[in-house]
Amino acid sequence: MDLFAGFRDPAIARALLEKIRSCGRGVRFMEVCGTHTVSIFQSGLHSLLPDNIVHLTGPGCPVCVTHDAEVAAYIEAAGKDKVIIATFGDLMKVPGPGGASLKSAQAEGARVKVVYSPADALAIARENPGDTVVFIGVGFETTAPGIAATIMMAEAEGLSNFTVLSFHKLVPPALDALLSDPEMEIEAFILPGHVSAVIGANAYLPLAEKYTVPAIVTGFEPLDILQALIMMLDMLRTGRPGLANQYARVVTAEGNKKAVRLMHTVFQTSDALWRGIGLIPGSGLAFAPAYERFDAMKALGIELRDVPPLKGCRCGDVLKGKLAPNKCPLFKTVCTPAKPVGPCMVSTEGSCAAYFKYNLEA
Amino acid sequence: MCLAIPVCIESIEKGVANCRVGEGDTFIKASLLMLEGEAKIGDYLIVHAGFALRILDPKEAEEGLQILREMARAVEGQEHLADKF
């Protein structure tokens, strides 16, 4: 089985691109996963696709959708005595109120450690029994089960100094919010492969029944993406939009029930704030009562409060597909990966960072 | 945060798999705690932030590739005809 080269075969890619070019119609499609964003740019597809195939990057980068109020909350946590922050590296440079970030907090003496997995944060808690470890839980249905599992490990071990800020987001309610926006100009969706591996393709059925938009669960290799585009173009051409699963080698109809069960044991669905979109009902995960003692907000007495938005930053419009990153007045002028104004320029999965890295001017 | 490519299990110890990333010599560890079904050496995993989310289905992968090859052949066939006429 040629898993790696097979789904990247340039000869097949050229033929599929030809099929897309000869289709006779275009599509404005949105992907809602940072890994798709990176894959489409890295493989060169963004530039190779014909002009009438318009690629929009939606709210799929976990760092980018983390709300200003959540950024302010974790920076506040970092400033407290006897607190160690454990975080995915992507969050380090995200600017918060007044330009503060975890990086600047660290420079001022806050203890901030970058981890690869939430389980690494448990080790920090074990080694520092006199401190409270706060793991910043950002991410979607892919990340939340692992964090839930880690919390259950802390419970089993009796680690009382391990806590989590649960800023997780759920994908289907966000799609619902985007689709219900009357100004939305998205004709089709590429659905996130690994979120779908957890929640299952069937999780989108209620949306597919409510809206008539092609939605394809898609893998991350160039051929996966090209095939998904052909599938959505076929749906539009034949007037039969619907939900399809292109990524059957990883995604089943039901998903990973064990992971979903873990997630819903430790957390319960709650409303959540998304950058650029605002409050989306039922799109977040708060602690279930039985696990509230692991809630860093409660442990440290922190609340989400209104904070002024980042001045001049248009990340919100970028995340909704209403503004191309290179059309933002700050792009490449005052906002660069070295000195980002907004989170879409910070994260490697952010669309502004991708436009910058791949030098897209047009 | 997310690894887009599947990783191959080289060894398993205490519920944690040591996996090769792609075709290179990069290795990562992945907890198998969340997996449904039993993973074995040689299986390909989808891993996210230290946890394996799924075992890749090789039969589905092969079928998927086959469909792509056939699509490409069909396009090339048409081009061939277009050249002719």
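Lettering follows sequence order; numbering is per chain, from 1.
Contact tally against chain B (heavy-atom pairs below 4.5 Å) for Val251(A), Val250(A), Asp9(A), Thr348(A): the top residue is Val250(A). Chain B forms more heavy-atom pairs under 4.5 Å with one residue of Gly193(A), Ala13(A), Gly255(A) than with any other, namely Gly255(A).
Note that the CD1 atom of Ile12(A) and the CG atom of Leu65(B) stand 6.5 Å from one another [nearest 0.5 Å]. With values rounded to the nearest 0.5 angstrom, Thr252(A) atom OG1 is found 4.0 Å from Arg54(B) atom CZ. Here Ile230(A) contributes atom CD1 and Leu68(B) contributes atom CG; the two are 8.0 Å apart, rounded to the nearest 0.5 Å. Taken to the nearest 0.5 Å, the OH atom of Tyr116(A) stands 4.0 Å off from the CD1 atom of Ile28(B).
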Name the atoms and distances for all side-chain donor-acceptor pairs under 3.5 Å in residues 196-203 of chain A, with sequence neighbours left out.
unit_1    : atom_1 : unit_2    : atom_2 : d
Ser196(A) : OG     : Pro192(A) : O      : 2.5
Ser196(A) : OG     : Tyr204(A) : OH     : 2.9
Asn202(A) : ND2    : Glu254(A) : OE2    : 3.4

Audit row: Arg14(A), Val75(B), side chain to side chain contact (heavy atoms under 4.5 Å, CB included) steps and yes/no: CA-CA 10 Å; Arg14(A) 275 194 292 273; Val75(B) 175; over 6 Å; no

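Residues Met71(B) and Leu16(A) are in side-chain contact: their nearest non-hydrogen atoms beyond the backbone lie under 4.5 Å apart. Taking 4.5 Å as the limit, every side-chain heavy atom of Phe51(B) sits out of range of all side-chain heavy atoms of Thr143(A). Proximity of Ile67(B) to Gln227(A): side-chain heavy atoms (C-beta onward) are separated by under 4.5 Å at one or more points.
In terms of heavy-atom proximity, Ala49(B) sits nearest to Pro118(A) at O-CD, 3.6 Å. The two residues Glu60(B) and Ala248(A) have their closest heavy-atom pair at OE1-CB, 3.5 Å.
Although no hydrogens or angles enter the test, the distance criterion places no donor-acceptor pair under 3.5 Å between the side chain of Arg249(A) and the main chain of Leu56(B). Between the side chain of Asn256(A) and the backbone N or O of Met34(B), at least one donor-acceptor pair lies under 3.5 Å. In this structure, Glu36(B) contributes its side chain and Lys257(A) its backbone to a donor-acceptor pair below 3.5 Å. The backbone N or O of Leu35(B) sits less than 3.5 Å from a side-chain atom of Lys258(A), completing a donor-acceptor pair.
Residues meeting the side-chain hydrogen bond (donor to acceptor under 3.5 Å, both in side chains) test with Ser117(A), sequence neighbours left out: none.
Using a 4.5 Å cut-off between heavy atoms, Met153(A) contacts chain B through its side chain alone, with no backbone atom that close.
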